Trainee: 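Let me begin by handing over the structure; questions about it come next.
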Amino acid sequence: MKVDAKWFSRTVWIGIAVNLFFVIALCFFPETLLSWLHIQIPVPVIWVRIAGLLLLEVSLLSIPGALNPYRHKATAWISVLLARGSGAAFFLCAVLLFNQAWGFLAIALVDLFFGIIQGILLFLAMGTETPTAPESVNNAWQD
Amino acid sequence: MNQYLIWFKRVVWFGIVANFAFAFFAIFMPIRLLTALNLGSVESTIWLFNYSVLLTLLSCFYIPAAHNPYRYIVNSWLLVAARLIPATTFFVGVLIGYMPKGFLTLGIGDFTIGCIEAILLMLALRSVNDVEVQQVKVS
């Protein structure tokens with residue numbers, strides 16, 4: 001059913017928007033964000049800012065999968081399994097295994113939330129693709 | 001497959017390997033890497049590790065384009081942007097004294113790879129005909 005692909009696209013776009021919130025905060029207001037999350041502000045703060053820059057690039061590279069998960073199948077799967085999965089795993093391990101600040105859990109939970117929902121929707125969407133004529137998602141926001 | 005496309009794929013793979021190498025050294029030998037590249041010192045390596053994970057992840061997004069640039073043409077152009085955007089950031093950061101001079105090395109690397117990829121991709125697209133593009137897209 002095309003509806004699974006549309007909802008996958010919608011959740012990826014919402015995830016990109018949430019990422020952009022973190023991008024702006026990490027790049028331009030890192031001290032404010034880290035204080036709000038009760039994470040120690042590192043010295044120097046440069047690596048926080050350029051991590052935000054890379055998050056922007058990862059978000060941009062997720063866009064093809066959001067536009068058409070059938071056409072950009074590999075990108076769609078990478079954005080779910082690797083992007084969200086590795087983000088959640090990294091910060092969960094950092095907190096639970098390496099005694100990093102609990103504030104990192106907020107980032108892990110965001111990735112985990114989107115990763116699970118997007119994974120289920122993408123799995124369902126791929127199951128409904130017709131073998132000869134892959135469906136396209138013309139507009140994720142139209143029903 | 002035209003020569004420009006073959007070389008584009010090779011340069012993308014080279015960039016992927018270079019990113020993986022940086023991430024590997026950043027995670028397993030962070031102090032040596034920071035010292036060798038003159039990237040300054042850090043009190044805590046968590047954000048350097050996070051940067052390395054994101055860099056590895058970004059490189060994974062390059063792989064579909066490295067395998068089939070025509071099918072993943074959007075990825076192909078985005079990976080060029082993903083080289084030039086940080087290069088610009090590093091150049092400006094060093095210029096205004098915000099980043100250690102070692103980031104110039106990273107900027108030059110990203111800028112060089114990005115420019116070569118952009119030129120090869122433009123030449124590849126210009127020299128291919130429509131039939132070849134359709135054949136490659138469905139493969």
Side-chain angles (χ1 to χ4, degrees), chain A residues 19 23 26-27 30 34 39-68 71-79 81-91 93-95 98-101 103-104 107-108 111 132 134, chain B residues 19 22-23 26-27 30 34 39-68 71-90 92-94 98-100 102-103 106-107 110 137-138:
Chain A
N19 279 3
V23 167
L26 288 170
C27 290
L34 296 181
I39 295 172
Q40 184 183 1
I41 298 170
V43 176
V45 81
I46 183 62
W47 290 103
V48 178
R49 294 183 191 265
I50 58 177
L53 181 65
L54 278 196
L55 183 60
L56 171 66
E57 296 181 359
V58 168
S59 302
L60 290 176
L61 278 157
S62 300
I63 289 175
L67 287 174
N68 192 334
R71 171 84 172 74
H72 302 280
K73 205 175 291 189
T75 305
W77 281 114
I78 290 172
S79 70
L81 294 178
L82 291 185
R84 294 298 179 185
S86 66
F90 175 78
F91 287 112
C93 287
V95 173
F98 296 99
N99 296 319
Q100 293 296 323
F104 285 114
I107 304 172
D111 276 334
T132 53
Chain B
N19 282 359
F22 183 93
I27 290 173
L34 293 176
L39 296 175
S41 59
V42 294
E43 289 181 350
S44 169
T45 52
I46 181 68
W47 287 102
L48 176 61
F49 290 171
N50 182 33
Y51 178 86
S52 303
V53 169
L54 286 169
L55 188 64
T56 305
L57 175 60
L58 197 64
S59 304
C60 292
F61 275 106
Y62 298 171
I63 292 174
H67 178 67
N68 191 338
R71 177 180 164 92
Y72 294 96
I73 190 65
V74 178
N75 288 49
S76 297
W77 284 114
L78 282 174
L79 68 87
V80 171
R83 287 290 179 190
L84 298 179
I85 291 172
T88 307
T89 305
F90 294 150
V92 171
V94 172
Y98 182 70
M99 293 182 182
F103 279 93
L106 302 185
D110 272 335
K137 273 184 181 174
V138 297

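Predicted, not measured: the structure shown is a model, and the values here were computed from it. Per chain, numbering begins at 1; letters A, B, ... match sequence-line order.
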Trainee: Do you know which of B/L39, B/L78, B/L79, B/V53 has the most heavy-atom pairs under 4.5 Å to chain A?
Mentor: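 The candidate making the most pairs under 4.5 Å is B/L78.
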Trainee: Given that the side chain runs from C-beta out, which part of B/V42 has a heavy atom under 4.5 Å from chain A: side chain, backbone, both or neither?
Mentor: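 Both parts, heavy atoms under 4.5 Å.
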Trainee: Quick one: what part of B/L34 sits under 4.5 Å from any heavy atom of chain A, side chain, backbone, both or neither?
Mentor: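 Only the side chain of B/L34 comes within 4.5 Å of chain A.
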Trainee: Could you name the residues of residues 49-56 of chain A that have a heavy atom within less than 4.5 Å of a heavy atom in chain B?
Mentor: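 A/R49, A/I50, A/A51, A/L53, A/L54, A/L55 fall under the 4.5 Å cut-off.
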Trainee: Kindly give the heavy-atom pair with the smallest separation between B/R71 and A/R71, and that separation in Å.
Mentor: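 B/R71 and A/R71 have their closest heavy atoms at O-NH1, 2.5 Å.
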Trainee: For residues B/W47 and A/F90, establish whether the separation of their ring centroids is below 6.0 Å.
Mentor: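 No, they do not, as the ring centres are separated by 6.0 Å or more.
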Trainee: Which answer fits B/F49, side chain, backbone, both or neither, if we ask what part of it has an atom under 4.5 Å from a heavy atom of chain A?
Mentor: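 For B/F49, heavy atoms of backbone and side chain both lie under 4.5 Å from chain A.
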Trainee: I'd like to know which of A/S79, A/G87, A/G65 tops the heavy-atom pair count under 4.5 Å against chain B.
Mentor: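 Of the options given, most contacts go to A/S79.
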Trainee: Could you tell me which portion of A/F104 (side chain, backbone, both or neither) has an atom closer than 4.5 angstrom to a non-hydrogen atom of chain B?
Mentor: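 When you check distances to chain B, only side chain atoms of A/F104 fall under 4.5 Å.
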Trainee: Within the structure provided, determine whether A/V48 and B/Y51 are in side-chain contact (heavy-atom separation under 4.5 Å).
Mentor: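 Not touching, per the 4.5 Å side-chain cut-off.
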Trainee: Would you mind checking which part of A/L81 comes under 4.5 Å of any heavy atom in chain B, side chain (CB onward), backbone (N, CA, C, O), both or neither?
Mentor: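 When you check distances to chain B, no heavy atom of A/L81 falls under 4.5 Å.
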Trainee: What heavy-atom pair brings B/P86 and A/E57 nearest, and what distance separates the two atoms?
Mentor: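 The answer is CD-OE2, 2.8 Å.
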Trainee: Can you give each donor-acceptor pair under 3.5 Å made by side-chain atoms of residues 56-66 of chain B, sequence neighbours left out, with the distance rounded to 0.1 Å?
Mentor:
unit_1	atom_1	unit_2	atom_2	d
B/T56	OG1	B/S52	O	2.9
B/S59	OG	B/N19	ND2	3.0
B/S59	OG	B/L55	O	2.8

Trainee: Check each atom of A/A83 against the heavy atoms of chain B and say whether the ones under 4.5 Å are side chain, backbone, both or neither.
Mentor: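 Both backbone and side chain.
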Trainee: The test is ring pair (Phe, Tyr, Trp, His ring centres under 6.0 Å); show your working for B/F103 and A/W47 and say whether it passes.
Mentor: CA-CA 11 Å; B/F103 279 93; A/W47 290 103; 5.4 Å; yes
